[in-house]
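For this chain, numbers begin at 1 and follow the sequence in order.
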Amino acid sequence: MTRVRRGELVLRYVLLLAVLALTVGPFLWQLSTSLKGPTEDIYSSPPTFLPQHPTLHNYERVSETIPVWDYAFNSLKVATANVVTNCVGAALAGYALARLRYRGRRVATLAFILAMLVPVEGIIIAQFTTMRELGLNNTLIGVVLPGCIGAMNVLLMRNAFLNLPYEIEEAAYVDGANVWQRFLRIAVPSVRGTLAVVAIFAFMGAWDDFLWPLIVLSDPSKFTLTIGLNYLHGTFANDERLVAAGTVIAVAPLIALFACLQRYFFRGVGEGAVKG
């Protein structure tokens with residue numbers, strides 16, 4: 001029995017290391033490429049992972065080639081707005097679906113589930129037409145509005161609120177607390193972990209989005225980072241060091257956000273992913 005358990009443990013670690021290499025390996029390779037100077041061969045065989053003479057010159061060249069910090073600021077504005085609207089909207093909708101009693105609640109829940117089944121590409125023309133009729137084309141508001149409340153986030157919040165004991169809210173109701181007081185003072189503080197999950201998903205979705213900003217934006221001064229970095233692939237496709245530096249700049253904020261919220265993230269997965 002001891003040998004079997006040790007074998008299983010070794011197998012699990014081998015699988016974890018393999019998954020780690022597949023997920024983290026490409027990013028580490030891009031980071032290594034971005035730190036290599038122009039004299040180093042990035043196509044050598046066998047490949048050299050560590051740069052011989054690390055340099056930050058490639059990052060300076062990115063900022064000289066495109067206004068990368070302006071693009072990053074636009075992406076930050078879009079992502080921050082997306083986080084705020086998703087956290088607030090998903091919390092309100094999830095609480096209404098989970099704790100309030102009214103006709104059509106099951107139908108409303110089903111509507112959110114069905115919304116997840118519709119591919120974005122199938123409704124993107126309708127979204128573009130709507131933004132054009134509202135006069136929001138070529139604006140950052142037009143980028144934010146279609147994804148301001150995600151169906152997945154609403155269902156995550158609903159499941160998190162369903163896991164809360166009803167006795168707590170009943171006691172607050174007996175003490176005279178109204179719906180808003182129960183929501184703000186009891187329900188929301190109890191699901192902070194799930195709110196962190198929603199915040200991470202919303203930030204990542206807005207920061208990494210490429211197709212929708214590419215369609216709705218035409219003014220280069222309003223481009224987000226994903227669109228701006230596309231210029232590096234087009235004009236400087238042969239300079240992989242420049243492309244790697246731009247990739248690292250785009251990924252770094254996501255890593256920082258997850259590092260700050262990882263404690264709440266793993267706790268939130270358990271809050272909202274058990275009961276349906």
Side-chain angles (χ1 to χ4, degrees), residues 62-63 65-97 104 107-158 180 183 188 195 197-235 246-247 249-254 257:
V62 171
S63 61
T65 305
I66 60 174
V68 62
W69 305 119
D70 294 337
Y71 294 157
F73 185 61
N74 290 336
S75 291
L76 181 62
K77 290 189 287 186
V78 171
T80 302
N82 206 38
V83 168
V84 173
T85 55
N86 270 278
C87 287
V88 175
L92 291 172
Y95 185 81
L97 294 175
V107 176
T109 303
L110 180 62
F112 280 103
I113 296 175
L114 294 177
M116 296 174 53
L117 305 178
V118 180
V120 176
E121 293 79 7
I123 60 175
I124 201 164
I125 296 178
Q127 288 181 349
F128 177 78
T129 304
T130 302
M131 293 301 106
R132 184 180 61 185
E133 294 297 327
L134 294 175
L136 296 178
N137 273 2
N138 199 30
T139 64
L140 295 182
I141 297 178
V143 178
V144 174
L145 196 57
C148 61
I149 301 178
M152 171 64 78
N153 297 331
V154 172
L155 294 178
L156 283 174
M157 295 304 303
R158 169 187 175 271
W180 285 105
F183 171 71
V188 172
L195 277 175
V197 174
V198 171
I200 291 175
F201 284 168
F203 190 93
M204 291 178 60
W207 187 271
D208 290 336
D209 192 14
F210 175 78
L211 180 60
W212 176 243
L214 180 65
I215 292 174
V216 76
L217 296 177
S218 58
D219 185 359
S221 65
K222 298 179 182 178
F223 282 175
T224 56
L225 186 59
T226 52
I227 304 176
L229 291 178
N230 192 47
Y231 285 117
L232 298 179
H233 291 273
T235 307
T247 302
I249 292 175
V251 175
L254 300 179
L257 177 69

Can you name the residues that form a side chain to side chain contact (heavy atoms under 4.5 Å, CB included) with [X], not counting sequence neighbours?
X: Thr130; answer: Leu134
X: Ala81; answer: Val144
X: Thr226; answer: Phe210, Thr224
X: Val120; answer: none

Considering residues, nucleotides and ligands other than Ile125, do more than 12 of their heavy atoms fall under 6.0 Å from its CD1?
no
Quick check on Ile113: does its CD1 atom have over 12 non-hydrogen neighbours (other residues, nucleotides or ligands) under 6.0 Å away?
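Yes, because the 6.0 Å sphere around CD1 of Ile113 holds more than 12 heavy atoms from other groups.
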Determine the sole option in Val78, Asn74, Leu136 for which the side chain to side chain contact (heavy atoms under 4.5 Å, CB included) test with Val143 is passed.
Val78
Worked check of side-chain contact (heavy atoms from CB on, under 4.5 Å) between Ile66 and Leu229
CA-CA 8 Å; Ile66 60 174; Leu229 291 178; 4.0 Å; yes
For Trp212 and Ala206, indicate whether the former's side chain and the latter's backbone hold a donor-acceptor pair under 3.5 Å.
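Looks like no, no N/O pair under 3.5 Å.
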With distance as the sole test, does Lys222 use its side chain to make a donor-acceptor pair with the main-chain N or O of Leu217 at under 3.5 Å?
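Side chain of Lys222 to backbone of Leu217, a donor-acceptor pair under 3.5 Å: no, none is there.
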Please report the shortest heavy-atom distance between [X] and [Y], naming the atom on each side.
X: Tyr71; Y: Pro220; value: CE2-O, 3.2 Å
X: Ala93; Y: Val154; value: CB-CG1, 3.8 Å
X: Gly89; Y: Ile149; value: CA-CD1, 3.7 Å
X: Met116; Y: Ala151; value: CG-CB, 3.7 Å

Please list, chain by chain and in numerical order, all residues satisfying ring pair (Phe, Tyr, Trp, His ring centres under 6.0 Å) with Phe183, sequence neighbours excluded.
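Residues passing ring pair (Phe, Tyr, Trp, His ring centres under 6.0 Å) with Phe183: Tyr95.
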What residues, two or more places apart in sequence or in another chain, satisfy ring pair (Phe, Tyr, Trp, His ring centres under 6.0 Å) together with Phe203?
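Counting only residues at least two positions away or on another chain, Phe203 forms a ring pair (Phe, Tyr, Trp, His ring centres under 6.0 Å) with Trp207.
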Would you give the length of the straight line joining atom [atom1] of [X] to atom [atom2] of [Y], rounded to the nearest 0.5 angstrom?
X: Ile141; Y: Cys148; atom1: CD1; atom2: SG; value: 11.5 Å
X: Ile227; Y: Leu211; atom1: CD1; atom2: CG; value: 9.5 Å
X: Phe128; Y: Met131; atom1: CZ; atom2: CE; value: 10.5 Å
X: Leu97; Y: Thr109; atom1: CG; atom2: OG1; value: 4.0 Å
X: Phe223; Y: Leu140; atom1: CZ; atom2: CG; value: 11.5 Å

Any side-chain heavy-atom pair of Met157 and Leu195 under 4.5 Å
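They are in contact (side-chain heavy atoms under 4.5 Å apart), so the answer is yes.
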Just grab all the side chain to side chain donor-acceptor pair (under 3.5 Å) pairs involving residues 116-125, residues at least two apart or on different chains.
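Qualifying pairs, neighbours excluded: none.
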Kindly state each residue pair satisfying side chain to side chain donor-acceptor pair (under 3.5 Å) with at least one member in residues 77-94, sequence neighbours excluded.
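Found Asn82-Asn86, Asn86-Asn153.
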